[in-house]
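Below: one structure, written as structure tokens.
Given the structure is predicted, the values throughout are model-derived calculations rather than measurements. Atoms considered below: every heavy atom in the structure, side chains included; atoms not considered: hydrogens, waters and symmetry mates.
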Amino acid sequence: MSAIFNFQSLLTVVLLLICTCAYIRSIAPSLLDRNKQGFLGIFWKCARIGERKSPYVAVCCVAMAFSILFWS
């Protein structure tokens, strides 16, 4: 089943995207900072969400991991 049609899979993909973008920006900030507009601006926005809302993102990641491991 595709991640588009399964809500739990969609949330997992979004959380992984946010975490990955925040990690890439912490390693190489210039890689994401030069693409703030357009289609690649989505990755910059995800990195900003991951940086500013990191406690909430971490809680969501732990909750998602728990639900995948024990409820799926």
Flag side-chain contact, heavy atom, 4.5 Å: Leu10 against Asn6: no
So, Ser26 side chain and Tyr23 main chain: donor-acceptor pair closer than 3.5 Å or not? yes
Mind checking ring pair (Phe, Tyr, Trp, His ring centres under 6.0 Å) for Phe66 and listing every partner two or more places apart, or none if nothing turns up?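 Phe66 satisfies ring pair (Phe, Tyr, Trp, His ring centres under 6.0 Å) with Phe70, Trp71 only.
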Apply side-chain contact (heavy atoms from CB on, under 4.5 Å) to Cys19 and list each qualifying residue two or more places apart in sequence or on a separate chain. Val57, Cys61
Measuring from atom [atom1] of [X] to atom [atom2] of [Y], what distance do you get when rounded to the nearest 0.5 angstrom?
X	Y	atom1	atom2	result
Ile24	Leu31	CD1	CG	6.5 Å
Leu11	Ser67	CG	OG	9.0 Å
Thr20	Leu17	OG1	CG	6.5 Å
Met64	Leu15	CE	CG	5.5 Å

In terms of hydrophobic clustering (I, L, V, M, F, W, Y; side-chain heavy atoms under 4.5 Å; direct or indirect links), are Ile68 and Ile18 co-clustered?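 Result: yes, single cluster for both.
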Linked, directly or transitively: Leu16 and Ile27 (ILVMFWY side chains, under 4.5 Å):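 No, no single cluster joins them.
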Table please: side-chain donor-acceptor pairs of residues 40-51 below 3.5 Å, with sequence neighbours left out.
| residue | atom | partner | partner atom | Å |
| --- | --- | --- | --- | --- |
| Trp44 | NE1 | Asp33 | OD1 | 3.4 |
| Glu51 | OE1 | Arg25 | NH1 | 3.4 |
| Glu51 | OE2 | Arg25 | NH1 | 2.7 |

